[in-house]
Amino acid sequence: MTVFTDEDRRAIRNSVQRLLAERASEPEVRRFMASPKGYDEDLWGQLAAIGMTGLLVPEEHGGIGGTAREVEEVMEEAGAALLTGPLYASGVLAAALLAASDNATARARLLPGIASGDRIATVAITGEKGLWTSEDVAVHATAQGEGWTLAGVSSFVLWADAADILLVVATGPAGLQAFEVDRGAAGVRIDPLQSWDRTLRLSRITFHDVPAEPVADADAIDVMLDHGRVALAGEQAGAARHVFEKTIEYLRTRVQFGRPIGGFQALKHMAADLLVEVESATSAARAAAAALASNAPDKDVLINLAAFACADAFSLVAAQSIQMHGGIAFTAEHFAHLYLRRARADARLLGPSRLYRDKYLTALELAA
Amino acid sequence: MTSQNSSVAGIVGEVRAWLARHWDAEARKPRTGDLGGWQKHVFEAGWAVPGWPTEWWGRGLGAEEASAVANEFRRVGAPGSNLDRTNIPAIVLMNFGSEMLKRKLIPGFLTGEASICLLYSEPGAGSDLASLRTRADRQGDHYIVNGQKVWTSGARDADYGLLLARTDWGVPKHQGISFFFIEMHQPGIEIRPINQITGDSHFNEVFLDNAVVSADHLVGREGDGWKILQTALGVERLIMGEGAGERRWGSAGDVATVLDVAREAGQLHDPLLRQEIAQAMAYRQLNALNLARAKQESSGGAASPIMSLGKLAMSRILHTDARVMTEILGARSMLDGDADPRAADVNYRTANAYMTSIGGGTDQIQRNIIAERVLGLPREIEVDRDLPFRESRAMKG
């Protein structure tokens, strides 16, 4: 098993940063978010070529066998660039689910394609409330002779249009379980949902007694959600830092009343307060990643903390960045609203902050 | 494993062995039982300032190794190390003092035998400290000091005052200030305690009436005072960001957290209150994570910008804690003293939180500093910045 050093992580991060600087600049993001597929397939191939689609896939299945720490750093860069595409759905959620599964057949069948980027996977989990809790799962699994069938609805599914592999979390007789479904099978209906954040693609999927193949149990689903929270926290921290730095740049150069507006205390004080949020988000995301990677005893505390602290930080920084820019940021051509859109989506993608604030307190209660 | 890591491992082994021999981690006291002599013992072993050169009472360690030493002391609850990061007078002297002053004064500060107070703020010079009007006039081989200082803690017990006084009135305000180590036990110094909103009298007013300080107790040169002060304030803000200014509460020397208070009051069920409790706990944990990351990032030697955020973050933590604890106690928060000791604690915290959000630079000044020095935003406009001090409005105020 490979153990990644700080230096390795820096190298991975730098290679992603270089690629995204070259290929996912703001005009590119805008071009692809408005395209039918919603992402740059050529860039996807290049991300795959440097191992990003297989970060969480074990080496025996063609991945690079990384941990939450490598994923978190890469997601900081993806967030900063507002990368559009299924990296999170396929490379984080699906890869983490399958890598944690004790179903060896499913792993051997599905992980190599995910790692190489040749196949794209997504995971349908939550029901129409979008809470990502077990109570909100609205697909039911029924045993039918040797096999299983699924019935129900899954919503807010990421990048279902792009996905070759459709993994579905359902409630079965023994609690939550994950299945693979042939997306072209009779009884599967995928309805794309228009999203406010145009860099994200969301769908609602209905299942009418669709044959399904079990791929992972409830424990693997928990592991997937932990990876999902940490990676999303990284994305939020990276995006928050980027939009903050761009805003500070503007405060230094925009002149009103004969001086740069960054000289006014009203804006200086907002900036100082936001810096606290940006640094806290980075610390929280990285600490959660380290705790998950080492399975530390305070893992639950730190993951739940990162889940709401990073969501809240990115939401606040993105919202304030528009205010601090003034009129220019009310124009569609300006970058700031793209971050507000992503912040608002990210803050609900895995359930609301208030849910994680409560779970964080519960984890603290158990720890003390 | 890199060679740097192995040198850290080596020093950790050495300090652990030394602590195991001399410090009882369970009882949290020296094996000799003599807590009073502990600091001197640490100093003599070179652990007080491990990052300093061996000829200056240290061990010549790199930043990462020195920080590992401090961590080992912290881990077993032993005081006395990390003074190369936290001891204000020693750090000031080490950076700016003459050879004579270093040799004469630093050992006393590192062994704890000599104590100091800070003679900075004045009634007319708070946030705008550079407008101070206490004067030091050279007479032969000493200076005569006249003026008034305020917000001085520990003045009565202090052996030395770190004194800012104006030595040149004809240059702009920042340039005419000098930094002295003045002996506190002398007839020209009068100390009067201030009654605080907490009920304590932690701070004093200090009146200097023809007080005398020897010319060789000037640190650096005349006019260097403002520059030297920045180093001293940097250390002070670092200490405050790490949570000084909190009242130690309870027998174990621990501070009750918001969660502790909620549990004690049986108030962990209300979902609205839970949100507030979680947020208060989060502010505290996030600050700790920031500090840990800053230490890690600065172990290469470079100062992390995160360090300057700690004090501002701590203000929010302390005010939030007090506010949420007040919510938890409800009507009980109207009580005080023996009527409700927990309420008394929370009342105290409510008032005492201002010590961090005002002392050592208000939150508002702190935000200016962060915006200017960390984010590179333009400096505040100061209309008297370039005026000779005697012509500025501060002289008339």
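Treat the numbers as computed from the prediction; the structure is a model and nothing was measured. Below, read A as the first sequence line, B as the second, and so on, with proteins coming before strands; counting in each chain starts at 1.
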Residues, nucleotides or ligands: over 12 heavy atoms within 6.0 Å of [X] [atom1]:
X        : atom1 : answer
A:Arg344 : CZ    : no
B:Gln230 : CD    : yes
B:Arg75  : CZ    : yes
A:Tyr250 : OH    : yes

To the nearest 0.5 angstrom, please state how far the [atom1] atom of [X] sits from the [atom2] atom of [Y].
X        : Y        : atom1 : atom2 : value
B:Gln285 : A:Ser280 : CD    : OG    : 11.5 Å
A:Leu275 : B:Ile370 : CG    : CD1   : 6.5 Å
B:Met281 : A:Leu361 : CE    : CG    : 7.5 Å
A:Gln265 : B:Asn368 : CD    : CG    : 4.0 Å

Taking the side chain as every heavy atom from C-beta outward, state whether [X] and [Y] have any atom pair closer than 4.5 Å.
X        : Y        : value
A:Asp312 : B:Gln279 : yes
A:Lys268 : B:Leu375 : no
A:Asp273 : B:Arg316 : no

Region of [X] in contact with chain A, defined by heavy-atom distances below 4.5 Å:
X        : result
B:Arg379 : backbone
B:Gln364 : both
B:Leu289 : both

For B:Ala278 and A:Phe308, which heavy atoms make the closest approach, and how far apart are they?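 Nearest heavy atoms, B:Ala278 then A:Phe308: O-CZ, 4.4 Å.
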Which of the residues [options] is involved in the greatest number of heavy-atom pairs with chain B at under 4.5 angstrom?
options                                : answer
A:Val301, A:Ile261, A:Val276           : A:Val276
A:Thr5, A:Leu267, A:Thr282, A:Leu251   : A:Thr282
A:Ala272, A:Ala309, A:Ser353, A:Ala306 : A:Ala272
A:Leu364, A:Ile248, A:Asp358           : A:Asp358

Among B:Pro378, B:Pro271, B:Ala292, B:Ala371, which residue forms the greatest number of heavy-atom pairs with chain A at distances under 4.5 Å? B:Pro378
Highest number of heavy-atom pairs under 4.5 Å with chain A: which of B:Leu286, B:Leu377, B:Asn290, B:Leu309?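 Max contact count across the listed options: B:Asn290.
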Under a 3.5 Å threshold, yes or no: a donor from one side chain and an acceptor from the other, between A:His269 and B:Asp363? no
Polar contact flag, side-chain donor to acceptor under 3.5 angstrom, B:Gln275-A:Arg357: yes
Using non-hydrogen atoms only, which part of [X] is less than 4.5 Å away from chain B: side chain, backbone, both, or neither?
X        : answer
A:Glu365 : both
A:Ala271 : both
A:Glu249 : neither

